[in-house]
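Just below is one structure, and these are the notes that go with it.
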2 protein chains.
Amino acid sequence: MSGRQGAATSVVEDYVKVIYSHTEWQTDPITRSELAVRLGLAASTVTEMVKKLAALGLADHVPYGAVTLTEEGRALALRMLRRHRLIETWLVESFGYRWDEVHDDAEVLEHAVSDRLLEAISESLGDPVRDPHGDPIPAPDGTVVRPVGILLERAPIPFIGAVVRISDRDPALLQFLDGRGIRLDIVVEVVERRPFGGALVVRVAGVKSDLGAEAASSIWLSA
Amino acid sequence: MSGRQGAATSVVEDYVKVIYSHTEWQTDPITRSELAVRLGLAASTVTEMVKKLAALGLADHVPYGAVTLTEEGRALALRMLRRHRLIETWLVESFGYRWDEVHDDAEVLEHAVSDRLLEAISESLGDPVRDPHGDPIPAPDGTVVRPVGILLERAPIPFIGAVVRISDRDPALLQFLDGRGIRLDIVVEVVERRPFGGALVVRVAGVKSDLGAEAASSIWLSA
DNA sequence: GCTAACATTTCGGTATGCCGAAATCTCGTG
DNA sequence: CACGAGATTTCGGCATACCGAAATGTTAGC
């Protein structure tokens with residue numbers, strides 16, 4: 001039985017999704033402790049579950065080493081990201097959720113929606129290729145069209161670019177940025193960096209804002 | 001802690017829903033063995049869970065006796081029926097599901113959809129009061145507007161009435177009836193009963209059909 | 001190359017839901 | 001009113017997924 005389709009529980013789906021997500025915008029594989037933090041679980045639990053992922057053929061498991069996904073694991077992760085991001089888009093487009101409100105509902109629904117319903121939702125939205133935060137929505141076959149962009153934190157000064165992605169990790173941050181007019185496709189000008197590792201000063205629609213390290217490392221601008 | 005809101009797991013929700021549903025169209029309370037059959041579980045499992053329902057304040061539990069819901073249990077059951085039926089209606093209206101295809105998807109989604117999304121769905125449908133099978137959709141406050149009707153099986157002969165409800169218990173039956181033009185609001189004429197407990201003969205849109213006992217006990221006609 | 005700090009794993013335990021087999025109860029029938 | 005069929009409960013077990021404490025491995029800095 002080479003890892004039967006239906007075998008993945010919703011817990012397994014979450015692990016795989018988090019493992020994959022970590023490498024989506026940076027290269028180094030995720031550590032077990034970081035996995036534990038992201039999933040809100042004890043380290044010992046993660047150790048056990050990673051062994052199970054390996055047994056299911058979804059991850060390669062080197063004791064004390066890195067956690068990486070197999071081809072099959074990656075495929076499952078992409079299916080879950082498609083689900084998550086389509087559902088987020090749908091909540092915003094069809095039900096008027098704000099983009100900082102969708103995450104929790106999507107987190108639950110991504111495990112509950114049938115393939116049939118998911119594709120019906122995608123069709124009703126015109127088969128979008130990115131979600132409200134600018135994250136790419138993988139196609140049913142796993143193809144991903146990734147937006148090209150540089151992290152605001154690493155942008156040269158001065159710099160002008162449109163927002164192509166904002167990390168959806170922290171809803172409070174999303175609200176903060178929304179309040180300053182920073183949204184998808186908005187043009188941002190990087191004006192200066194305050195001395196001694198201080199905030200970045202950006203101009204949005206003529207108004208200047210200070211962005212701290214956390215914010216600056218959550219925003220990607222078009223190159 | 002008088003039975004905190006969030007305490008009900010999706011398993012508990014299913015038990016309560018099935019217990020309530022049984023009394024919706026007949027009066028006698030459900031037996032434990034029937035509960036087991038409906039939930040597809042062993043009798044011993046049901047015994048254990050019913051004790052848990054009692055501990056949660058959702059059911060009254062008399063050993064070897066009947067299973068009945070408390071006021072709180074009834075309220076939870078009505079919330080679950082609202083969810084189930086709104087979701088079924090939504091799948092049909094918004095995504096072109098056939099009425100005999102919605103049950104499984106709804107069964108999963110009813111536990112996953114947030115209150116906020118559910119009410120948004122209801123609003124988008126114009127706050128319907130019955131689902132595609134004619135079952136009443138309880139209001140958020142638990143109010144139910146039940147259609148008045150008599151079971152086709154018990155209709156006098158001859159009799160003419162519109163279909164006000166069709167039991168959604170068996171999708172195959174729904175398809176069978178659909179194939180004979182028997183749908184919600186369709187006018188049905190009960191023509192005769194074949195002798196010795198035989199089938200009922202009905203006329204729908206000028207065409208006669210034989211309906212066996214199972215079908216005849218699944219259709220309600222307006223009085 | 002030793003060692004402390006940190007990451008990871010092992011181990012014993014818990015809660016939830018489920019099962020089958022065996023024991024027990026209920027109730028209609030004789 | 002005793003009895004047996006059928007319903008119900010009890011009991012020991014299992015799988016999943018979680019935890020904390022203790023043991024073990026890794027690695028950076030001296």
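Lettering of chains follows the sequences in order, A, B, ..., and the numbering in each one begins at 1.
For the contact set between residues 44-53 of chain B and DNA chain D, defined by any heavy atom under 4.0 Å, the members are B:S44, B:T47, B:E48, B:K51.
For the residue pair B:D14 and B:H111, a side-chain donor N or O sits within less than 3.5 Å of a side-chain acceptor on the partner. A donor-acceptor contact under 3.5 angstrom links the side chains of B:S122 and B:D127, judged on distance only.
For the pair B:E153 and B:R193, the salt-bridge criterion is not met [side-chain N within less than 4.0 Å of a carboxylate O]. The residues B:R194 and B:D210 are annotated as salt-bridged, a charged nitrogen and a carboxylate oxygen being separated by less than 4.0 angstrom. Between A:E88 and A:R85 there is no salt bridge, since no side-chain N of the basic residue sits under 4.0 Å from a carboxylate O of the acidic one.
For A:L41, the listed nucleotide lying nearest its side chain is D:dC18; candidates were C:dC19, C:dT8, D:dC18. Set against C:dT9, C:dG17, D:dC19, the side chain of B:V11 has C:dG17 as its closest nucleotide.
One interatomic measurement links the two molecules: CG of B:L56 to P of C:dG17, which rounds to 9 Å at whole-angstrom precision. Distance CG (B:D14) to C1' (C:dT16): 15 Å, rounded to an integer number of Å. Separating the CG atom of A:L35 from the P atom of D:dA17 is a distance of 15 Å, rounded to the nearest angstrom. Summarising the geometry, the separation between CZ on B:R32 and P on C:dC18 is reported as 16 Å, rounded to the nearest angstrom. As a whole-Å value, the separation of A:L39 CG from C:dT8 C1' is 16 Å. Whole-Å rounding puts the B:Y64 OH to C:dC25 P distance at 6 Å.
Annotation for B:R116: atom CZ counts as buried by contact number, over 12 foreign heavy atoms lying within 6.0 Å.
Side-chain nitrogen and oxygen atoms of B:Y15 include at least one within less than 4.0 Å of the OP1 or OP2 phosphate oxygen of C:dC18.
A salt bridge (Lys or Arg N to Asp or Glu O under 4.0 Å) with A:E110 is found for one member of A:R79, A:R83, A:K17 and no other, namely A:K17.
Within 4.0 Å of B:G40, counting heavy atoms only, lie sugar-phosphate atoms of the nucleic acid but no base atom. Contact annotation for B:A42: backbone-only contact, meaning every heavy-atom pair under 4.0 Å involves sugar-phosphate atoms and none involves a base.
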